[in-house]
Amino acid sequence: MTTWSETVPGEPGQSATPTDGTAAIAPTQTGTELQTMTNAAPDTVERALATADQSQPHLELGLLDEEYDRIREILGRRPTHSELAMYSIMWSEHCSYKSSKIHLRQFAERTPSSDRLLAGIGENAGVVQVSDHLAVTFKVESHNHPSFIEPYQGAATGIGGIVRDILAMGARPVAVMDPLRFGAADHPDTARVLSGVVAGIGGYGNSLGVPNIGGEVVFDPCYQNNPLVNALCLGVLPVQHLQQKAAAGPGNIVVLLGARTGRDGIGGVSILASATFDEETEQSLPSVQAGDPFTEKLLIEACLEIYEAQLVVGIQDLGGAGLTCALSETAAAAGTGMRVWLERVPLREASMEPHEILSSESQERMLLVVAPEKLDAVLQTARKWGVLATAIGEVTPAVDGQDGRLVVTWHGHTVVDVPPGSLADDGPVYARPMREPADLILVQADRAETLPRPATPEQLRETVLRMVASPNLCDKTWITEQYDRYVRGNTVLAAPEDAGVVRIDERTGLGVALSVDGNSRFARLNPYQGARLALAEAYRNVAVTGAQPIAMTNCLNFGSPEDPGVMWQFAEAVRGLADGCAELGIPVTGGNVSFYNQTGPVAIHPTPVVGVLGVLDDVAQRVPMGFLPPTHPEGDPIFLLGETREELSGSEWAWVTHEHLGGVPPQVDLGREQLLAAVIADAARVGHLRSAHDLSDGGLAQSVVESCLRHGVGARITLPDEFTAGTLPFVYLFSESAGRAIVTVPRGQEKAFAAVCAERGLPYALIGVTDDGSSGTLEVT
Amino acid sequence: MARVVVDVMLKPEILDPQGQAVANALPRLGIEDVSSVRVGRRIEIEFNGDSVDPQEQLARAQEIADKLLANPVIEDFTIRLAEAGSERTDVPA
Amino acid sequence: MARVVVDVMLKPEILDPQGQAVANALPRLGIEDVSSVRVGRRIEIEFNGDSVDPQEQLARAQEIADKLLANPVIEDFTIRLAEAGSERTDVPA
Amino acid sequence: MTARVGVVVFPGSSDDTDAARAVHLAGGEPVRLWHDDPALYGVDAVVLPGGASYGDYLRGGAIARFAPVMHTIIDAALNGLPVLGIGNGFQILCEAHLLPGALARNQHLTFRSRNQWLRIETSATAWTNAFRPGQEVLMPVKHGYGRYVADRRTLDELEATGRVVVRYLRGNPNGSEHDIAGIANAAGNVVGLMPHPEYAVEALTGPSLDGLGVFTSTLKHLAGAPA
Ligand SMILES: Nc1ncnc2c1ncn2[C@@H]1O[C@H](COP(=O)(O)OP(=O)(O)O)[C@@H](O)[C@H]1O
Ligand SMILES: [Mg+2]
């Protein structure tokens, strides 16, 4: 398609009028004089030195006494209001990972690195090379609390935020996924949260032109008032476009690109707005951020052009902690300093004060570090796309072998003068107390294997129908229909397939498969095992498409880290994932932690959500999940791969039919998962597979039903002899043993396929045939 | 028959991308002197029967707006009575 | 500084599913006597400078509405001047 | 000589590369046109792609219609240049009054994305002449504002003059009047479609290859058109 990329009439210079105000360096912005007059004089470094003893509201800002003392020690004086705001944000759990850091180290230390890994943990997102010239980057992040407060905007900005992370690595965002968890399906508030969240994810992603290729929808009362809205984004980049966040090169210009800065999400620091802290501060400022997907779309296109023309030295998205985070992280990463003229930041509201500007979470902004001679080209590109670009500062050198300082002025007053690393890297780190929850032993003893089970054919039939119609297992098309899956024209598989598959190279057919999974009931029963089960499930979902899993990301949603029980769950889950990835030989490329998902003393179930990425050399070889119309009048043979054990604890069946949660979760054998993946990939490559679908929630019954419904093709299943006695048919149908999948093989190839399984030691059973067509019924005998 | 009008606007500090997009488009129409555009919703509610006390209708509309029409997290609203038709005649388009 | 308000409503003969959805939800709130709900847009336009003659602003807004704010195929609009603030105080919510 | 088909990029367009891919697969040469540049660079036909130009703010297509390139396209369309609007592009054509009626919010109020059966009602347009009238085809739809509305007279006229180009079959995804999925202008050179033919051009990624016919139609039309 050479003409398409080469013929670009209407390049800049041809009078592209900015559609969004002015794109220019704004040394003297109109209105700034006015601001100085109307604003109370800011708290400056000078004043901080003069009023050393002034009391400050550090506790209200979430800083402990000892944390506040450390700030004073670092600065050798009391912090200014702006500095205090910055430390309170950067040293928050969300930004500093202070409770999780010591645990997360295992990911970097214990899981395999690989030559493929171009960027790993600590970057905005991990980057994995998948061909000589292409790399992919992917990451999942949470936007839980904002989505409970304001579901539409919370979820929308969740998508916006993760997309910018991916963009910051140099990649074009090419797909999103949305693992979602809500309270009980029939709770009135669930209707508010769910409809808003889904509309927000769709509203933002659809207008952005990024396809949604999968996700999760889970209902559980533990998420009442604490819904989990996680968002994953996948990006693709030519390897030479990989970007750094380091603000290298003293003299380089710091450019803010994108939306104006408003009072979004500054509720937390609003206490600083009043000059005296003893008066009751009205918490009137918004803690919600509103998204503008249109501006984000322009930001994407502008950044990609900037990468293409190699105009930036460093780039960082503005996310949770806004400018504070972007300025301090980019400088800290380079060991440089930075000089920022804060009054140059384009504002939505002229009355904003320095600490508000520094902590604003306004969306759709990026921070660029640009060599002076390339500044004009950057501004030109911004103008072409109609986004604001403003030079707000300059990189300054390290002095006397010491890292540089971040100095921020406001109309000539110095309001910030700090070592950037003290904000970005030297936050507090806690080894918080951990203790296994006292009730766990009792919960584990209360096994679901002892619950009454259906036995007669009639009871089994009823159970299948009841399970299929239950909130967690029922069809989710009414949600996924609200998402554009087609845009970009490379979506090969999307919901309800096991994994999303996206072609990333139209010439060679190279593609990637992605799945996100978590099972918090399993994690509640055993967080170590539950985390490994989530990993196994995501791995398996990728594998059944025929892809080779190569990398993992995660989003760890937990209650309060100050609760030793929660902290123990967290540590166990991390250990489980680190062990699991080490065993599977895949690196952890990044992740995200969300703590404090709890109301009062009751935390959500520990919910590690795992995303696994796989590679398909040619997406034409992908294996879909649904039964296809058979190749032969007798139907195509259906195999069940893997072993079925009596594993009902934590299962969907126990929950739906008995509201029961107890016992120990299914065993995990990651070696078996690898074997299953290898057999499926090999069989797919030689055309032995017509369909493959993994078994997870709801067991065999659910998977067979899903495979039937995909294309309206029926099936006749015959239980193996060893599962016909007593309630064993029930066990066969509803057990949630891991490491299993059902596959269909073209008639005539079943012997060859069985031989391969036997040879590689993968347990298999021929369990039935697809129906020759018309009836579309499922029969189990 | 009376009608109640509820105007719902984003709170001033909340980003209004629609208004911004409209404002940015105006120069193309040759209009250069607009300083701001905000886009909100106008909802017209008509009640059955003439007998109902207008104040009662207002109170009712207030409840509807609170629960259904506005999102208090990001929006403000105002309510007023409008004789059917009267509202819309100022400058008929 | 004066502000111009443009109200854009779907023509009466055009189905308004949003209004209908609100109307259908009302009985659940115990409100039974609403005969119709219509949802439209309210657009507030502020002009630069105080000097401009309000009538001139109205005319300008009329032009904007004609060209951009309303689609004459499905929508009607009305325009009025509103002293900043005055409009929104009738029944503060 | 291969026909050159312009694909306009507006700020917020997202289906532009996909429309270009479809043109290419159909045998044409896609040429990128920029919203802010009135020149058409001698293209033989134009596609206004889908997406969310200007964020779909106010009304889909309402702002894009004022783009400099649209002034040129409107003139050229009135002189017979084949112009196809897909999704948001259809909305732009209505806003620009190149096509009558409007696209209102889906009756069920939600965005809907799915594979949709359609019937091609006429082959007498520059974008459907490769189909048989009555032919049933399968293409994705994906929109929140796709409900075609027009006054009675316009609807009657569209029906009477054979300008309803495509109709939804087996379920109307948005509440469109007369199940209308696409219409043409009187001359048949300007067509607006809510369904997306550009996502039905490859077996791997689409529900069918039916969309190709839309693009081969215009190439065929151009081959037959007097120079
Ligand atoms: N919120 C969502 N957004 C997009 N796709 C979803 C969402 N929820 C579920 N899906 C898709 O629906 C299908 C079934 O989901 P699930 O039963 O969780 O799959 P699995 O058991 O294979 O992990 C998958 O393709 C999944 O990606
Ligand atoms: Mg699966």
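First the proteins, then the strands, lettered A, B, ... as listed; each starts at 1.
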For B:Arg41, what residues pass the side chain to side chain donor-acceptor pair (under 3.5 Å) criterion, not counting sequence neighbours?
-> B:Glu75
For each of B:Val39, B:Val34, B:Val4, B:Leu26, tally heavy-atom pairs with chain C at distances under 4.5 Å, and name the one with the top tally.
-> B:Val34
Report the distance from atom CZ of B:Arg3 to atom OG of C:Ser36, rounding to the nearest 0.5 Å.
-> 8.5 Å
Exam field: side chain C:Ser35 to backbone B:Glu46, donor-acceptor pair closer than 3.5 Å = yes
Counterpart residues, side chain to side chain donor-acceptor pair (under 3.5 Å), relative to B:Gln18 (two or more places apart) | none
Can you name the nearest heavy-atom pair linking C:Lys67 to B:Leu29, along with the distance?
-> NZ-O, 3.8 Å
Intermediate values then yes/no, side chain to side chain contact (heavy atoms under 4.5 Å, CB included), B:Leu69 and C:Val22 = CA-CA 8 Å; B:Leu69 301 180; C:Val22 174; 3.7 Å; yes
Identify which part of C:Glu32 has an atom lying under 4.5 Å from any heavy atom of chain B, answering side chain, backbone, both or neither.
-> backbone
Is the shortest heavy-atom distance from the side chain of B:Arg38 to the side chain of C:Ile45 under 4.5 Å?
-> no
C:Ile31 side chain near B:Ile64 side chain, heavy-atom distance below 4.5 Å = yes
What option among B:Gly40, B:Pro72, B:Ala61, B:Gly19 has the most heavy-atom pairs under 4.5 Å with chain C?
-> B:Gly40
